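First the structure, in the form of structure tokens, and then the observations on it.
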Amino acid sequence: MNRILKVACIFEGAHIPYLFELDQRREIQDVVREICEHVKKPDHTQYAFKSVETINAVETETYITEKNRGNLHDGTVLKLVKSPEGAALELVEELSAGRNPSVDVVARLNSEAIDVTFAKIFVDKKGLPDLKRIIDDGISKKRDLEKLGLALSSLYRLMAHRVVRNSSKWSDYSDDFFHEVMSFITHDRATKEIQRSALQIAAAFVMHTEEKRGFQKVYNSSHLENFSRVPINTSDSGIQEASVKLINAIVSRCPVSLKSEVLQRLERLEVKKALADRVRDSTRDVPPSLAHELYVLQTHLLSEKADRANYDFQMHDQSCVAALATLKDTLAQYEDSSAGLGDSTMTALGFKDPNEPHKEFIGYPGVLALDGMAYFAKNSEELYKKLVLDQLSRPEEYLCPFVQTSKRLTILLLDILDVGHRKSSAVEVFEETGEYSTQYLPLFYAVDQPFEELFGVGIQLLHKTWKEMEAKSIDMEKVVNVVRGQLLEVMSNPDKMPSNVKVFQKMVFMNSYEDVKVKEEKKMEDNFHKQLMSDALVDIKVQIRDDMTAVVREQRLSYMVEGAWFCPIIKGKIKHELKFFVMLTPNHKEIKWNDPEEDSTMARTEAPTLADLPRSMEVESIVWFEVATDVPAMKEIKNKKTIDDYQRLTFAINLGQEEWLNCVARDRDTAAIWMDGLRMLLGKISLEQETRSAVDHLVDMQMALVLMNLHGVTIPPVKPDVPQLYRRGSGLDTIKCRANTMFWSFLSLMFQVVLAKFTLTLTLTLT
């Protein structure tokens, strides 16, 4: 954590912010005292800091304490304000001083109530009874509705803090109080503030009262039908969010025995339809908090799918029997026909036991897979026939059995949609951890049977990917993993997820297997290089690079020892009809070559030996060499195209004064080897890209082997500190030494005792 922060402070009467450095090692109150002295504020104990942050386009202010100061960062704007103790005491006094406090007082309370530090102090100062009195007065008289809305909002914000609920519980309030509050949800004169706050309080009442008291009160209320219509009757996202929050609370807290009834009632109330227009084609306008509530509702409404996944096929269940019959009847016209189904439709569908197909749906994912298959066969009949009949032309090992892939796809969809996995409801997860997901699907609210529609798209995608991968039956899991990636590419981003099934299908189909493979390879490569950048592996990589550089150096020099043919440059022209051979001696001491002018007609196919090369130069005598356009002979060439074609193949060794050994290699690899080989001999750094690439390639291979050996071991991003060795004479070292001395002394004593007994026994035996 950065100990010194650069922050700004604003305060009453200041025209520009005061910039200063905040030392996080100092107590906050000491910093407040220093700022108060700077701006000449008396009694610093009456002041505190608030941080001013903008979250989701809403400006929030939070009192800074020793507990939350870790959230401060460079650039934080602090506000010097009255301390939370002073602000709470002042508001409590103003609320209790008169029977009818002003709207401004309640508005200040509503603004402060969102802060947990203020809320705890306000409740400890017994401010809640006065706040409830204001609410009761507003409800009974049906006047001062603006003040009533602010008071209800203040109560909800105060009670939303867990530390407050530890001392003051929602169950302390009477049923009549909640009934009166809920009556304002659909009241003709209710303001938006009253509606939103009443819905929020009703949701809190359901969630936080014992023995399902809140659930029974709200669920049995005559207002429930009106609650569910709220999202239709308003465009205010805050009211919509509160309405969905109440519905989520009802589903979350309902007894297991009533779960099916509650879901059916919500379906009759067309809750999804009420929300469809809000999410259709406008996902970017949905605030994160509303998106979370939509995700929670989606999870709740899909929970019935988890029940179906755990429900086994029952022969007396007519819905199961009818679904199974749909699969067979849709293909009836192809039985005993030229299509080739013969009399075994169930075999073509992929049932392991055609005589008892119902056994396929015993065990997870139960009859849910059958529901999806029957829905697809009924609503996409031609596609269903095509998928099944397509298997007839495939070799047995390449079959993609419809039943087996459907079961596996059902499990995949349940996993992606997070259905049936949570130990507690999404509402309770948020209440406990403060963490929430916003990954709801607009498609879920746009169609009547979202899971079945997703199944229809998914089964087509799975069969398409199966073909692209040329998969065999044993490759089922590989194909499913690819399909998971293809679906998540669209479904994991609400901004991309359409509310139209056909558009969704088009988007997932565009993401072919080849595209997925390229992305996975790129991802693996990025992860590999990310691991290589870990501080813990830097030292290993440096050592390996040194070793691989030495390997490449030996390879380059070995190639030079074997020698190579070159063409000379004579009088500004590259003489391709002439060539000469250059070789490095095995001891790397000399470079030897023959003279092309003396041997201009030779057309050798075999490399000459050292004895055949009359000219030589000691490596130590080489002062420098030039490459490419820096070669003096290249500057004499007039043809620009020749220079462009051969500059990367050309180098020249200075033989002394103005004499040069000009060499034009036959290819780029030979030129790079000799250029960097000469640099290595002269103790210079390799500059050619081919050499650097060779070293990098070998380093990556070696590091890959290192990481394979570390498979399953978590590599820390920062190299851990190596503990210091114990110094001689330290306390622990002394204890170890004493223990060792005592141990060896004991062994010596035992050896002497055993030896004495043996001697005595031997003496008695001899006598």
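Values in this document were obtained by computation on a predicted structure and should not be read as measured data.
- Not counting sequence neighbours, the partners of Phe20 by the ring-ring contact (aromatic ring centres under 6.0 Å, His included) test are Tyr18.
- For Glu12, there are no side-chain hydrogen bond (donor to acceptor under 3.5 Å, both in side chains) partners at least two apart in sequence or on another chain.
- Judged by distance alone, with hydrogens and angles left aside, the side-chain atoms of Asp144 form no donor-acceptor pair with the main-chain N or O of Gly138 at under 3.5 Å.
- Ring planes of Trp170 and Phe178: tilted class, angle from 30 to 60°.
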Next item on the list: Under the side chain to side chain contact (heavy atoms under 4.5 Å, CB included) rule, what do Leu145 and Phe184 come out as? Steps first, then yes or no, please.
Entry: CA-CA 10 Å; Leu145 297 182; Phe184 270 86; 4.2 Å; yes

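- Partners of Thr65 by side-chain hydrogen bond (donor to acceptor under 3.5 Å, both in side chains), not counting sequence neighbours, listed by chain and number: Asn68.
- Counting heavy atoms from C-beta outward, Ile64 and Leu78 have side chains that approach closer than 4.5 Å.
- Here Val39 pairs with Phe11, Lys41, Leu80 under the side-chain contact (heavy atoms from CB on, under 4.5 Å) rule; sequence neighbours left out.
- Here Arg133 does not pair with Asp136 in a salt bridge; the nearest charged N to carboxylate O distance is not below 4.0 Å.
- For the pair Asn71 and Thr62, the minimum side-chain heavy-atom distance is 4.5 Å or more.
- Taking the ring-ring contact (aromatic ring centres under 6.0 Å, His included) definition, one finds that Phe118 meets it with Phe122, sequence neighbours left out.
- The shortest side-chain heavy-atom distance between Met207 and Lys245 does not fall under the 4.5 Å cut-off.
- In this structure, the side chain of Asn248 engages the main chain of Glu293 through a donor-acceptor pair within 3.5 Å.
- The side-chain hydrogen bond (donor to acceptor under 3.5 Å, both in side chains) test applied to Thr45 returns Asp43, not counting sequence neighbours.
- When atom types are taken as modelled, the side chain of Ser252 and the backbone of Ala249 share no donor-acceptor pair closer than 3.5 angstrom.
- With sequence neighbours left out, Asp23 forms a salt bridge (Lys or Arg N to Asp or Glu O under 4.0 Å) with Arg25.
- With sequence neighbours excluded, the residues that form a ring-ring contact (aromatic ring centres under 6.0 Å, His included) with Phe215 are Tyr219.
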Next item on the list: I would like to know whether His292 and Val296 meet side chain to side chain contact (heavy atoms under 4.5 Å, CB included); could you show each step before the answer?
Entry: CA-CA 6 Å; His292 166 64; Val296 175; 3.4 Å; yes

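- With sequence neighbours excluded, no residue forms a side-chain hydrogen bond (donor to acceptor under 3.5 Å, both in side chains) with Asn310.
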Tell me which donor-acceptor pairs under 3.5 Å the side chains of residues 151-160 have, and how far apart each pair is, sequence neighbours excluded?
residue, atom, partner, partner atom, Å
Ser153, OG, Asn110, OD1, 2.7
Ser153, OG, Glu193, OE2, 3.3
Ser154, OG, Asn110, N, 3.3
Ser154, OG, Leu150, O, 2.8
Arg157, NH1, Asn110, O, 2.8

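- Distance alone, capped at 3.5 Å, is enough to place a donor-acceptor pair between the Thr299 side chain and the Tyr295 backbone.
- Judged by distance alone, the side chain of Arg253 and the main-chain N or O of Gly214 form no donor-acceptor pair under 3.5 Å.
- Here the side chains of His208 and Lys169 are not in contact, with every heavy-atom distance at 4.5 Å or above.
- Residues that satisfy the side-chain contact (heavy atoms from CB on, under 4.5 Å) test with His44, not counting sequence neighbours, are Gln29, Arg33, Cys36.
- A 4.5 Å side-chain heavy-atom check between Thr209 and Lys217 finds every atom pair outside the cut-off.
- The ring-ring contact (aromatic ring centres under 6.0 Å, His included) check on Phe451 picks up nothing, with sequence neighbours excluded.
- The main-chain N or O of Pro101 is found under 3.5 Å from a side-chain atom of Lys147 such that the two form a donor-acceptor pair.
- A heavy-atom distance below 4.5 Å is found between the side chains of Val447 and Val501.
- The shortest distance between side-chain heavy atoms of His179 and Asp175 does not fall below 4.5 Å.
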Next item on the list: Could you please spell out the steps behind the side chain to side chain contact (heavy atoms under 4.5 Å, CB included) verdict for Val105 and Leu109?
Entry: CA-CA 6 Å; Val105 172; Leu109 173 60; 5.9 Å; no

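- Using a 4.5 Å heavy-atom cutoff, the side chains of Met491 and Leu441 are in contact.
- Put simply, the side chain of Glu452 never gets that close to the backbone of Gly372: no donor and acceptor are under 3.5 Å apart.
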Next item on the list: Quick one: do Phe504 and Leu487 satisfy side chain to side chain contact (heavy atoms under 4.5 Å, CB included)? Show the steps, please.
Entry: CA-CA 9 Å; Phe504 171 69; Leu487 291 173; 4.1 Å; yes

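- Checking side-chain atoms of Ser168 against main-chain N and O of Val164 turns up no donor-acceptor pair under 3.5 Å.
- Between the side chain of Ser96 and the backbone N or O of Glu93 there is at least one donor-acceptor pair closer than 3.5 Å.
- Remark: the backbone N or O of Arg108 is not paired with any side-chain donor or acceptor of Ser111 at under 3.5 angstrom.
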